[in-house]
Amino acid sequence: RRKFSMGCASSASVWCIGPEVKLVRVSYTRNDDKPLGFRLQHNSNGILVRGVLPETIASAWNDQNPSTQVLFGDRVVSVNGIEVDSSWNCWCSILSELRKDRVNMVVARGRAEDLLRL
């Protein structure tokens, strides 16, 4: 059984693109069969994070990197350079990217109006 590692803290970053939007960039590296561990929802606003499953790469990342956690209500902006839109083709492409060994993801911190739609 292989060990897994996640991108180190230096591979994560946080920045703001206005007074209300905070973006978080994270990098995950999968070195075993452990799932990435996101519950996602595709809707007319794009893709929202509905949860992070326990005992997964994402939950380990969140435990080890409290300032760059991916959280319930965050909106996925891009995965591996693919910008998210609300189309079915994009949803299918993002799901494919999330299965790769290396996942670079940008999320926008959840906003109140997005959380009300979940």
Do [X] and [Y] have side chains that get closer than 4.5 Å, going by heavy atoms?
X: Val76; Y: Leu48; answer: no
X: Arg75; Y: Val107; answer: no
X: Val49; Y: Leu40; answer: yes
X: Val84; Y: Val77; answer: no
X: Met105; Y: Val70; answer: yes
X: Val106; Y: Val24; answer: no
X: Ile47; Y: Gln41; answer: no
X: Leu95; Y: Cys92; answer: no

In Å and rounded to the nearest 0.5 Å, what is the [atom1] to [atom2] distance from [X] to [Y]?
X: Asp32; Y: Asp101; atom1: CG; atom2: CG; answer: 10.0 Å
X: Ile94; Y: Ser78; atom1: CD1; atom2: OG; answer: 7.5 Å
X: Phe72; Y: Arg39; atom1: CZ; atom2: CZ; answer: 8.5 Å
X: Phe38; Y: Tyr28; atom1: CZ; atom2: OH; answer: 3.5 Å
X: Leu36; Y: Thr56; atom1: CG; atom2: OG1; answer: 7.0 Å

Locate the shortest heavy-atom distance separating [X] from [Y]; write the atom from each residue and the value.
X: Val52; Y: Asn62; value: CG2-ND2, 3.8 Å
X: Glu83; Y: Cys90; value: O-SG, 3.6 Å
X: Leu71; Y: Gln69; value: CD2-OE1, 3.2 Å
X: Lys34; Y: Glu55; value: CE-O, 3.4 Å
X: Ser59; Y: Pro54; value: OG-C, 3.8 Å

Tell me the salt bridge (Lys or Arg N to Asp or Glu O under 4.0 Å) pairs involving residues 89-99, sequence neighbours left out?
Glu97-Lys100

Which residues pass the side chain to side chain contact (heavy atoms under 4.5 Å, CB included) test with Ser86, not counting sequence neighbours?
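Ser86 satisfies side chain to side chain contact (heavy atoms under 4.5 Å, CB included) with no other residue.
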
Counting N and O atoms only, with roles assigned by atom type, does the side chain of Asn80 sit under 3.5 Å from a partner on the main chain of Arg102, one being a donor and the other an acceptor?
yes

Residues that Ser87 engages under side chain to side chain donor-acceptor pair (under 3.5 Å), provided they are two or more places apart:
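Side chain to side chain donor-acceptor pair (under 3.5 Å) check on Ser87 returns Asp85.
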
